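What you see is a predicted model, and the numbers here were worked out from it, not measured in a lab.
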Amino acid sequence: TTASGVTCLHSLRLTDFLISGHGNGLVAFWAINTESYDDVTQLGGVQLIGCINGLALNEDDRMLVVAVGREARLGRWSVNKQAKNSLVVY
C-alpha cells in the first residue's frame, strides 16, 4: 500500500486558496476560512497514480505543475510500481 498523508503544500499569494499533494496521488484544492483561520473546505481534487512530491504554479497562477514519483521524495517507505516519475501540467 502507498502512504496517503500530505507530502507537499502550495498556497497562492494573497488568497485563501491552498493546494495539497498526498502520498496516494491525490492533489486537493482547499479554501481557508479567512475570518477565523481555523477551518478549511475541500473544493475538489484530482487523482493521479503515484506519490505527489511537488507542486508549483507559473507566474500568473494559471498553470499547475505536479511532480509525481514512484515513492515519496524524502523516504522510500513504499514504492508504487504502477507509477512513473513524471511532471504533470494542468
Side-chain angles (χ1 to χ4, degrees):
T1 63
T2 57
S4 61
V6 174
T7 55
C8 55
L9 293 170
H10 188 82
S11 62
L12 274 72
R13 284 169 273 160
L14 305 173
T15 70
D16 64 347
F17 191 70
L18 180 71
I19 306 169
S20 61
H22 300 259
N24 63 359
L26 177 66
V27 177
F29 307 102
W30 303 88
I32 301 168
N33 178 347
T34 56
E35 291 182 17
S36 63
Y37 293 100
D38 65 351
D39 185 38
V40 292
T41 303
Q42 186 172 357
L43 303 174
V46 177
Q47 184 67 51
L48 301 172
I49 296 173
C51 180
I52 308 304
N53 288 317
L55 301 164
L57 289 165
N58 68 338
E59 291 179 4
D60 63 359
D61 297 330
R62 292 180 164 221
M63 189 181 322
L64 174 65
V65 180
V66 181
V68 182
R70 296 180 74 185
E71 68 239 352
R73 178 177 64 91
L74 297 175
R76 203 168 199 182
W77 300 285
S78 62
V79 177
N80 184 339
K81 295 184 181 187
Q82 296 175 334
K84 295 188 183 210
N85 295 331
S86 59
L87 293 175
V88 179
V89 179
Y90 289 99

With the 4.5 Å side-chain cut-off for hydrophobic clustering, are [X] and [Y] part of the same group?
{"X": "I32", "Y": "F17", "result": "no"}
{"X": "F29", "Y": "L55", "result": "yes"}
{"X": "L12", "Y": "L64", "result": "yes"}

Spacing of K84 atom NZ and K81 atom NZ [to the nearest 0.5 Å]: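 It is 15.0 Å, given to the nearest 0.5 Å.
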Donor-acceptor pair, side chain of D39 and main chain of N33, under 3.5 angstrom: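 Side chain of D39 to backbone of N33: no pair is present.
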side-chain contact (heavy atoms from CB on, under 4.5 Å) involving N85 - partner list, sequence neighbours excluded: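 Here the qualifying residues are R70.
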Student check: side-chain heavy atoms of I19 and L57 closer than 4.5 Å: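 SC-SC contact between I19 and L57 confirmed.
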Table please: side-chain donor-acceptor pairs of residues 41-54 below 3.5 Å, with sequence neighbours left out.
| from | atom 1 | to | atom 2 | distance (Å) |
| --- | --- | --- | --- | --- |
| Q42 | NE2 | G44 | O | 3.3 |
| Q47 | NE2 | N24 | O | 2.8 |
| N53 | OD1 | R73 | N | 2.8 |
| N53 | ND2 | E71 | O | 3.1 |

